[in-house]
Amino acid sequence: MEKIYDMLETVYYGNTLHNWGISLLIVIGALIVNKLFMMFSKHLLERRTRKSKMRYDILFLKALEKPVLLGIILVAIWIAGNRLNLGAKVHEIISKSYGVLIILNITWFIARFSEALVEEEALKSKKRYDNNLIPLIKRGVLILIWTLGIITALKNIGIEVTTLLGTLGIGGIALALAAQDTIKNIFGGITILTDRTFHIGDIIRFEDIEGTVEDIGLRTTRIRTYERRLAFIPNYKLTDSSVVNVSHEPGRRVLVKLGLTYDTDHHRMQEAIDILHKIPEIVADVNAKDFEATFSDFGDSSLMITLIYFIRKHADIRATISQVNFEILRSFNEAGLNFAFPTQTIHLEQ
């Protein structure tokens with residue numbers, strides 16, 4: 001026993017092995033308490049979910065769970081560290097770090113609860129407009145909460161943010177100038193959503209980019225192009241330039257130029273146009289109301305027919321175009337109508 005007692009009283013780094021062991025047990029005890037707390041919170045949440053008609057208390061408990069677990073560990077480390085003789089400098093560092101971590105832990109809880117509230121409101125909303133605006137609001141709320149939390153944490157250890165920014169001097173001015181584009185993009189994102197220019201899931205065309213909108217962020221709008229590539233466009237560019245919302249078109253307009261040989265007489269030209277007018281009866285997704293086929297002009301090597309038709313909204317554009325082209329080729333071949341190709345006739349004088 002005396003040997004064990006002597007070993008426990010052996011000093012390592014200014015503290016006995018006995019004191020080191022007690023501090024370690026405090027931390028281990030905190031981990032055990034965390035495990036018990038997780039079991040209790042899970043049981044409590046299940047009970048509240050069955051009994052409560054209000055979801056806000058459930059959201060509160062879920063948001064509180066992880067910050068409480070971290071808080072228990074922080075308190076355990078604080079107690080374990082304070083009971084050891086680590087030197088004034090180390091204790092000062094622990095004290096300041098603890099002050100920052102506690103504030104950030106509280107900020108984490110507020111951020112989690114606020115995010116859960118915003119998502120809950122999104123579930124209640126029936127309007128697509130609100131659902132598109134929710135991600136932007138959520139990010140804005142999180143940025144605001146974390147900014148205030150970090151400022152409070154810095155003030156808690158004696159650092160004045162205004163003084164800190166003042167000491168940055170030219171760097172602070174450069175930072176403000178650099179933030180101009182970010183601010184423009186944030187307001188651009190809000191403008192896009194409030195004006196309902198387009199929504200997530202819409203197909204839009206901007207300059208030479210066309211694709212499906214996957215996300216409207218604080219800084220950029222993400223578009224998935226037809227090549228399956230992601231294009232990130234700054235929001236302010238979308239608000240300052242012309243954007244075509246392809247998804248809002250009533251139908252896709254298609255223009256086709258058909259050239260028949262010059263030996264086609266006027267009766268055969270009329271027959272070709274009559275054949276074209278039967279296409280809406282054969283291809284279901286072609287709108288018969290806006291169908292137009294005309295003998296448009298005399299080309300260099302062909303008699304030109306201009307065909308304009310509209311494909312119904314939500315139809316498969318490429319598949320419908322293919323069906324129309326196949327039908328033109330089949331019916332013209334059956335009727336003996338010959339497509340022209342570039343030719344040149346040379347007359348030789350004696």
Side-chain angles (χ1 to χ4, degrees), residues 38 41 45 54-74 97-157 159-162 164-165 168 172 175-201 213-223 230 232-239:
M38 287 175 64
S41 63
L45 281 172
M54 298 292 292
R55 284 187 51 83
Y56 296 110
D57 54 347
I58 298 172
L59 296 176
F60 180 85
L61 291 173
K62 285 184 177 180
L64 188 63
E65 184 179 8
K66 290 185 178 179
V68 166
L69 296 175
L70 178 59
I72 292 171
I73 294 295
L74 289 176
S97 301
Y98 185 81
V100 171
L101 291 172
I102 287 296
I103 296 297
L104 293 180
N105 194 34
I106 294 172
T107 305
W108 185 29
F109 159 67
I110 296 173
R112 282 169 57 86
F113 185 52
S114 301
E115 185 177 10
L117 286 177
V118 173
E119 290 176 351
E120 179 70 12
E121 291 302 318
L123 290 174
K124 288 182 178 180
S125 175
K126 301 294 183 182
K127 297 179 181 178
R128 188 183 180 193
Y129 162 77
D130 291 335
N131 289 337
N132 287 325
L133 190 58
I134 287 298
L136 194 62
I137 294 174
K138 185 167 67 175
R139 292 173 190 173
V141 168
L142 290 177
I143 289 173
L144 178 62
I145 290 171
W146 278 107
T147 301
L148 293 175
I150 292 170
I151 291 173
T152 305
L154 292 175
K155 290 183 70 174
N156 197 44
I157 58 175
I159 299 176
E160 288 292 336
V161 178
T162 53
L164 181 62
L165 291 176
L168 292 176
L175 183 64
L177 292 173
Q180 284 183 348
D181 285 345
T182 300
I183 294 170
K184 284 165 62 178
N185 285 321
I186 291 173
F187 280 103
I190 294 172
T191 302
I192 289 169
L193 292 172
T194 53
D195 285 353
R196 299 188 179 188
T197 310
F198 51 82
H199 302 99
I200 295 172
V213 178
E214 287 196 349
D215 184 51
I216 303 172
L218 280 176
R219 197 181 68 84
T220 60
T221 293
R222 191 170 64 208
I223 298 174
L230 272 179
F232 297 88
I233 303 174
N235 288 332
Y236 80 91
K237 287 190 176 182
L238 292 171
T239 55

Subject >> Expected output: side-chain Ser114 to main-chain Ala111 donor-acceptor under 3.5 Å >> reply: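 Judged by distance alone, no pair lies under 3.5 Å.
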Taking the side chain as every heavy atom from C-beta outward, state whether [X] and [Y] have any pair of such atoms under 4.5 Å apart.
X: Ile233; Y: Ile223; value: yes
X: Leu142; Y: Glu115; value: yes
X: Thr221; Y: Glu214; value: no
X: Ile150; Y: Leu104; value: yes

**OP:** Supply the atom-to-atom distance Ile103 CD1 to Ile151 CD1, rounded to the nearest 0.5 angstrom.
**Re:** 13.0 Å
Subject >> Separation between CD1 of Ile143 and CG of Leu148, rounded to the nearest 0.5 Å >> reply: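 The CG atom of Leu148 is 12.0 Å from CD1 of Ile143, to the nearest 0.5 Å.
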Listed by chain and number, what are the side-chain contact (heavy atoms from CB on, under 4.5 Å) partners of [X], not counting sequence neighbours?
X: Pro67; answer: Asn105, Trp108, Phe109, Arg112
X: Ile102; answer: Leu74, Tyr98, Ile106
X: Thr220; answer: Phe232

Original post:
Which pair of heavy atoms, one from Arg222 and one from Leu230, lies closest together, and at what distance?
Top reply: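 For Arg222 versus Leu230, the nearest heavy atoms are CG-CD2, 3.3 Å.
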